[in-house]
Amino acid sequence: MKHILVGLAVLGISVIPARAVDVTFSANLTGVCVLAVPTPGILALAPSGTELASDVGGGLPAILTIVSLGTNTITVNAPSYSPAPPSGHVSTGETLQVRYDGTNLLTSVTVPYAATNRSFVVNALPLTALTINARSLNPNGYASGNYGMRVVVTCGP
Amino acid sequence: MRAIGAIATAGLLILSITPAAACSIAVTLGGVMTMSGDYQRLDSTATGGRGALIAIINLGLNAVTITVSPPTVSVYPAQFAVGSAVTSVAYSGGGLLSGVTQNFTTTQTSFPVPALLSIAAVVTLHNRITNTAGFQSGQYETKTVLTCS
């Protein structure tokens with residue numbers, strides 16, 4: 001009887017596991033502060049006749065939007081007439097004032113009426129609105145005609 | 001009759017090739033993200049942005065699956081609120097992969113690649129970071145992992 005011994009060596013090789021690649025996307029943001037006024041304000045005469053304001057009946061506050069990449073300072077300047085008030089307007093004793101209130105990430109910004117320039121600091125801020133009201137207080141009243149106020153807002157590091 | 005014993009030894013080498021070995025993925029162009037017009041997203045689909053281009057080949061006899069991971073933010077400025085950032089990925093295929101399309105998603109997804117795809121098919125990949133807390137100035141980078149199996 002013939003005996004044959006057969007040794008059988010089986011070598012199995014399992015292959016390379018799943019292939020993977022990293023796909024990268026890059027961005028470089030520089031310091032940016034963007035201001036826009038999507039809604040200008042409207043002034044109306046208060047029943048007293050000695051106040052012209054955006055927050056009395058018939059008036060409308062202005063809306064300012066702010067976007068900030070990084071830290072920036074927002075400065076709200078005191079208002080001025082623009083254009084000049086109509087002929088006959090008496091400005092003796094008159095005061096022009098501005099107040100503003102923040103929304104969303106700026107809800108802590110609530111500043112009452114004043115005739116001075118004021119500022120606040122913002123950090124990274126997505127599109128956020130600031131409501132701005134302006135008024136004139138004049139004991140002499142107002143001559144008939146068109147009135148306009150301008151509030152300059154600046155943003156910078 | 002004399003019995004002759006013989007010892008024979010045979011070695012048998014088995015070499016199996018999994019489908020993944022026949023699959024090749026290559027990034028031919030990295031992506032670029034820019035700020036969206038509403039300043040709420042860094043997005044490769046925003047104006048000035050660019051999707052990444054991926055070339056895929058499958059020389060195997062079987063179809064394979066490409067798995068796409070949701071992006072991670074791998075580079076960001078120190079003061080960036082990365083914890084509130086939401087990342088998402090979208091992609092679309094060309095050529096024999098023109099049926100591959102995925103809108104922006106925050107989850108892992110996958111798509112099949114047919115067998116014997118000897119000519120590279122290109123997939124365009126997009127990344128997006130959304131952050132309600134806004135963005136700091138500085139360098140940002142996201143990473144999406146593509147795996148073939």
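Residue numbering restarts at 1 for every chain, and letters A, B, ... go by the order of the sequence lines. Model, not experiment: these values are computed from the prediction.
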| request: Please lay out, stage by stage, how B/Thr132 and A/Leu105 fare under the test side-chain contact (heavy atoms from CB on, under 4.5 Å). | output: CA-CA 9 Å; B/Thr132 56; A/Leu105 293 178; over 6 Å; no

| request: May I ask you to name which of B/Thr34, B/Val75, B/Val145, B/Ile54 has the most heavy-atom pairs under 4.5 Å with chain A? | output: B/Val145

| message | Heavy-atom pairs under 4.5 Å with chain A - which of B/Gly30, B/Gly134, B/Ser137, B/Ala26 has more of them than the others? | response | B/Ser137

| said: Nearest 0.5 Å, please: how far is CG in A/Leu29 from CD in B/Gln136? | reply: 10.0 Å

| task | Could you grab the distance from atom NZ of B/Lys143 to atom OG of A/Ser26, nearest 0.5 Å is fine? | result | 14.5 Å

| query | In terms of heavy-atom pairs under 4.5 Å with chain B, which of A/Val23, A/Thr71, A/Leu69 leads? | reply | A/Val23

Can you tell me which portion of [X] sits under 4.5 Å from chain B's heavy atoms? Options are side chain, backbone, both or neither.
X        : answer
A/Thr30  : backbone
A/Leu127 : both
A/Thr128 : neither

| Should the heavy atoms of other residues, nucleotides or ligands under 6.0 Å from CG of B/Leu96 be counted, would the total exceed 12? | no

| field | Over 12 non-hydrogen atoms of neighbours within 6.0 angstrom of CD in B/Gln108 | value | yes

Against chain A, label [X] side chain, backbone, both or neither, depending on which of its atoms sit under 4.5 Å from a heavy atom there.
X        : result
B/Thr67  : neither
B/Leu146 : both
B/Thr142 : both
B/Ile66  : neither
B/Ala52  : both

| task | Could you state whether B/Val122 and B/Tyr91 fall into the same hydrophobic cluster, counting links through intermediate Ile, Leu, Val, Met, Phe, Trp or Tyr residues with side-chain heavy atoms under 4.5 angstrom apart? | result | no

| When hydrophobic residues are tied together by side-chain contacts of less than 4.5 Å, even through go-betweens, does B/Val86 share a cluster with B/Val68? | no

Search all heavy atoms of [X] against all heavy atoms of [Y] and return the closest pair with its distance.
X        : Y       : answer
B/Glu141 : A/Thr24 : OE2-CG2, 4.1 Å
A/Val21  : B/Val27 : CG2-CG2, 4.3 Å
A/Ala27  : B/Met33 : CB-O, 3.3 Å

| query | Considering only heavy atoms from C-beta outward, does the side chain of A/Phe25 approach that of B/Val32 to under 4.5 Å? | reply | no

| Are the side chains of A/Asn28 and B/Tyr140 in touch, meaning some heavy atoms are under 4.5 Å apart? | no

| message | Is it the case that the side chain of A/Arg19 and the backbone of B/Cys23 share a donor-acceptor pair, with hydrogens and angles ignored and the cut-off at 3.5 Å? | response | yes

